[in-house]
Amino acid sequence: VQLQACGGGLVQAGGSLRLSCAASGRTFRTYHMGWFRQAPGKEREFVAGIYWGTATTYYADSVKGRFTISRDNAKNTVYLEMNSLKPEDTAVFYCAADSYLANVVGGTCAYWGQGTQVTVSS
């Protein structure tokens with residue numbers, strides 16, 4: 001699976017962005033997908049994940065109620081809708097995929113896309 005993330009940019013605090021991650025491969029719909037982020041000087045952290053079957057979603061506490069992960073299996077794409085953005089959301093965001101949900105939540109996915117920069121100004 002190859003992943004291509006896009007949609008990052010510069011936004012003011014309180015604003016919104018939608019990230020997209022397009023996947024190649026016929027088996028996309030069988031992979032659990034996740035979004036992660038890494039801020040300068042910090043470790044990469046889990047942001048959101050989505051189960052391939054029921055589309056059950058999981059979120060880090062820091063983004064609950066503000067971010068929404070979704071997927072369109074017909075388009076082989078996963079999205080991250082980010083609202084009420086805060087300066088502390090500034091980071092490089094990565095999408096990832098794995099056959100095991102535990103690996104998505106745990107950040108040990110087999111497949112990673114390149115990052116897309118999100119910068120939130122105060």
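Only heavy atoms go into these numbers, but all of them, side chains included; no hydrogens, no water, no symmetry mates.
With Tyr79 as the aromatic partner, Arg18 meets the cation-pi criteria of under 6.0 angstrom to the ring centre and within 45 degrees of the ring axis.
Rounding to the nearest 0.5 Å places CG of Leu80 at 6.5 Å from CD1 of Ile69. Put simply, OG1 on Thr119 and CD on Gln12 are 13.0 Å apart, with the number rounded to the nearest 0.5 Å. Here the straight-line distance linking atom SG of Cys95 with atom CD of Gln4 works out to 8.5 Å at 0.5 Å rounding. Note that the SG atom of Cys21 and the CG atom of Leu3 stand 4.5 Å from one another [nearest 0.5 Å]. Once rounded to the nearest 0.5 Å, the distance linking OG1 of Thr108 with CG of Asp98 reads 6.5 Å. The CG atom of Leu19 sits 8.0 Å away from atom SG of Cys6, with the distance rounded to the nearest 0.5 Å.
In the hydrophobic clustering of this structure, Tyr94 does not group with Tyr31; members are Ile, Leu, Val, Met, Phe, Trp, Tyr whose side-chain heavy atoms approach within less than 4.5 Å, directly or through other members. By the rule that hydrophobic residues join a cluster once side-chain heavy atoms approach within less than 4.5 Å of another member, Val92 and Tyr111 end up as members of separate clusters.
Ring planes of Phe36 and Phe46: perpendicular class, angle over 60° (limits at 30 and 60°).
When all heavy atoms of Tyr59 and Thr57 are compared, the closest pair comes out as CE1-OG1, 3.4 Å. Nearest heavy-atom pair across Thr90 and Val120 is OG1-N, 2.9 Å. Residues Ala91 and Arg37 approach most closely at CB-CB, 3.8 Å, considering heavy atoms. Considering all non-hydrogen atoms of both residues, Arg71 and Trp52 come closest at NH1-CA, 3.3 Å. The heavy-atom pair separating Ser70 from Val78 by the smallest distance is O-CG2, 3.1 Å. Closest approach of Val47 to Val63, counting heavy atoms only: O-CG2, 3.5 Å.
A salt bridge between Lys64 and Asp61 is present, with a side-chain N of the basic residue lying under 4.0 Å from a carboxylate O of the acidic one.
In this structure, the side chain of Thr116 engages the main chain of Gly8 through a donor-acceptor pair within 3.5 Å. Checking side-chain atoms of Gln114 against main-chain N and O of Ala5 turns up a donor-acceptor pair under 3.5 Å. A side-chain donor-acceptor contact under 3.5 Å links Ser24 to the backbone of Gln2. Using a distance-only test at 3.5 Å, with no hydrogens or angles considered, no donor-acceptor pair links the side chain of Asp72 to the main chain of Thr77. Put simply, the side chain of Arg66 gets close to the backbone of Ser84: a donor and an acceptor are under 3.5 Å apart. In terms of modelled atom types and a separation under 3.5 Å, the side chain of Asp89 and the main chain of Lys86 share a donor-acceptor contact. The closest donor-acceptor contact from the side chain of His32 to the backbone of Val104 lies at 3.5 Å or more, if one exists at all.
Taking the side chain as every heavy atom from C-beta outward, Gln117 and Phe93 never approach each other to under 4.5 Å.
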Open item on the list: Between Phe67 and Trp35, is the ring-ring contact (aromatic ring centres under 6.0 Å, His included) condition met? List the steps.
Closed with: CA-CA 11 Å; Phe67 291 10; Trp35 284 97; over 10 Å; no
